[in-house]
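So the structure is just underneath, and the comments pick up after that.
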Amino acid sequence: MPRDHYEVLGVAKTASDDDLRKAHRTLARKYHPDRNPGDKQAEASFKEVQDAYDVLSDPKKRAIYDQVGFGGPKFGPDPGSGAQFRWGDGGVDINDILSAMGGGAGGVDINDLFGGGGARGGRRSPRQAPPEEVEASIPFLVAAVGGKVSLSVHGKEVDLKIPPGIEEGKTLRLGGQGSRGGDLLLKIRIEPHEYFKRDGNDVFLEVPLTLAEAVLGAKIDVPTVDGSKLTVKIPPGTSSGSKRLRLRGKGIKGGDQYVDVKILVPKAESDADKAWFEEFAKRQPQTPRTGAFWE
C-alpha cells in the first residue's frame with residue numbers, strides 16, 4: 001500500500017531542500033542493494049525512498065503533490081469522475097492544478113512536471129538510461145596506494161582513477177560511461193598478491209630466512225606496498241612463528257605492515273652434510289615437544 005512521501009523520508013511537510021537531501025542520503029545508504037544483497041524488503045524500501053525523493057525534490061512535482069496528496073500520478077480518464085488526471089484514488093482535473101500554479105495553456109508543461117513522459121510538439125523527451133553495474137578487477141598494489149588503471153568495458157577503454165586504500169566490493173560511478181549512455185557502476189575486485197596479504201589497512205608479509213640467518217641473526221631488506229624497502233634486524237635464535245615484526249605506518253593509509261619469518265631448512269646433500277647436522281644436534285640438544293600434550 002502506497003505511503004505518504006513525507007512519511008517515507010521521515011520529514012515534515014515544511015522540510016527544506018537540505019532536510020530532504022539529508023533524509024534521502026541516510027535512507028538510500030541504509031537500504032541500498034549493495035548493503036542488503038538478496039533482501040527483497042530492503043530493495044522495495046530503497047525504491048520507495050527513491051520515488052519519494054524524486055517527487056519532493058522537484059519544486060513543480062512537490063507543489064502538485066502538496067495539492068492532491070499521495071499515491072502516484074496516473075494519466076488518462078478517471079472512471080469515477082471523468083477527470084483527465086488522477087493522483088492516488090481521487091479524480092483531479094489536471095487543468096485545475098495547472099491553473100492554480102499559473103499554468104494551463106502556455107504555462108506549466110505536463111512534460112516538465114513528470115520528467116518528460118508525454119509528448120511536446122510531437123517529440124518525446126529522452127529518458128536517461130539506467131545505470132549499469134560491471135565488475136572491475138584491479139591489481140593489489142594499485143588498490144593499496146591508488147593510481148590509474150585502464151579497463152576494457154563493453155569493448156571500450158575506460159580510464160579509472162583508484163583512490164588509495166579502496167576495499168573489495170566498493171563501487172565507483174562513472175557518469176555517462178554506460179553502453180546506453182547511462183552511468184557505469186564499477187564494482188571493485190582486488191587481485192591477490194603473490195606475497196602481500198591484507199587485513200583492513202594492515203599488510204602482512206612472510207619473509208624467508210636461511211637457517212644460518214635464523215641462528216646467528218641478520219639484517220635483511222623487506223619490501224613495502226609503496227615500493228620502498230626497509231632494513232629489518234632479525235634477532236639471533238629466531239624461530240618460524242615465534243616473533244612478528246611490526247613496521248609502523250607502512251601498511252595502507254597509515255596502517256602497519258607485519259613481517260612473519262619462515263625458516264628454509266636446507267637438505268643434507270652429502271654424508272659430510274649429514275655428519276655436520278648430527279654433530280650440531282649433539283652440541284645443541286633441543287626438546288621442542290614437551291608437556292602433557294606430547295607425552
Side-chain angles (χ1 to χ4, degrees), residues 1-36 39-133 173 175-176 178 180-183 185:
M1 180 178 179
R3 290 196 296 155
D4 176 61
H5 290 334
Y6 292 102
E7 178 187 348
V8 169
L9 294 180
V11 297
K13 290 189 176 182
T14 56
S16 65
D17 291 343
D18 191 49
D19 292 334
L20 292 173
R21 279 192 295 271
K22 289 180 180 178
H24 171 257
R25 188 182 304 116
T26 299
L27 293 172
R29 186 182 299 116
K30 176 180 179 181
Y31 295 120
H32 197 281
D34 286 348
R35 289 195 169 195
N36 304 274
D39 189 334
K40 297 297 183 183
Q41 182 59 49
E43 183 178 341
S45 297
F46 181 76
K47 184 179 185 303
E48 187 179 40
V49 167
Q50 297 298 93
D51 291 342
Y53 185 69
D54 178 67
V55 172
L56 299 183
S57 63
D58 187 305
K60 295 176 182 178
K61 293 182 184 180
R62 184 176 180 179
I64 290 186
Y65 182 82
D66 288 343
Q67 290 266 347
V68 298
F70 66 95
K74 299 178 177 64
F75 296 90
D78 175 29
S81 66
Q84 292 302 305
F85 173 81
R86 294 185 296 129
W87 195 292
D89 295 324
V92 181
D93 195 318
I94 188 62
N95 293 315
D96 293 339
I97 299 173
L98 295 179
S99 296
M101 297 178 62
V108 180
D109 195 305
I110 188 65
N111 298 299
D112 294 333
L113 293 176
F114 298 107
R120 178 187 298 175
R123 298 176 61 188
R124 281 190 179 273
S125 300
R127 288 187 176 182
Q128 184 177 5
E132 297 176 59
E133 184 176 289
R173 179 185 292 267
R180 292 173 290 176
D183 293 346
L185 305 180

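Numbers here simply count residues along the sequence, with the first being 1. Note that this is a predicted model, so its numbers are computed, not measured.
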Open item on the list: Return the OG to CD distance between S57 and Q50, rounded to the nearest 0.5 Å.
Closed with: 9.5 Å
TODO: May I ask you to test the K61-D54 pair for a side-chain heavy-atom distance under 4.5 Å?
DONE: yes
Open item on the list: Is it the case that the side chain of N36 and the backbone of K30 share a donor-acceptor pair, with hydrogens and angles ignored and the cut-off at 3.5 Å?
Closed with: yes
Task: Distance, nearest 0.5 Å, that separates NZ of K13 from NE2 of H5 - done: 11.5 Å
- [ ] Hey, could you give me the CG/CG distance between D19 and L56, rounded to the nearest 0.5 Å?
- [x] 12.0 Å
Task: Shortest non-hydrogen contact from A28 toward V49 - done: N-CG1, 4.3 Å
TODO: Report, as yes or no, whether the 6.0 Å neighbourhood of atom CZ on F46 holds more than 12 heavy atoms from other residues, nucleotides or ligands.
DONE: yes
- [ ] Please indicate whether E7 has more than 12 foreign heavy atoms, meaning atoms of other residues, nucleotides or ligands, lying under 6.0 Å from its CD.
- [x] yes
Open item on the list: In terms of relative ring orientation, are Y65 and Y6 parallel, tilted or perpendicular, with 30° and 60° separating the classes?
Closed with: tilted
Task: Carboxylate-amine/guanidinium proximity below 4.0 Å for R21 and D17 - done: no
Task: Separation between NE2 of H24 and CZ of R29, rounded to the nearest 0.5 Å - done: 10.5 Å
Task: Where A15 and R62 come nearest, the two heavy atoms and their spacing - done: O-NH2, 2.9 Å
TODO: Report the distance from atom OG1 of T26 to atom CG of L9, rounding to the nearest 0.5 Å.
DONE: 10.5 Å
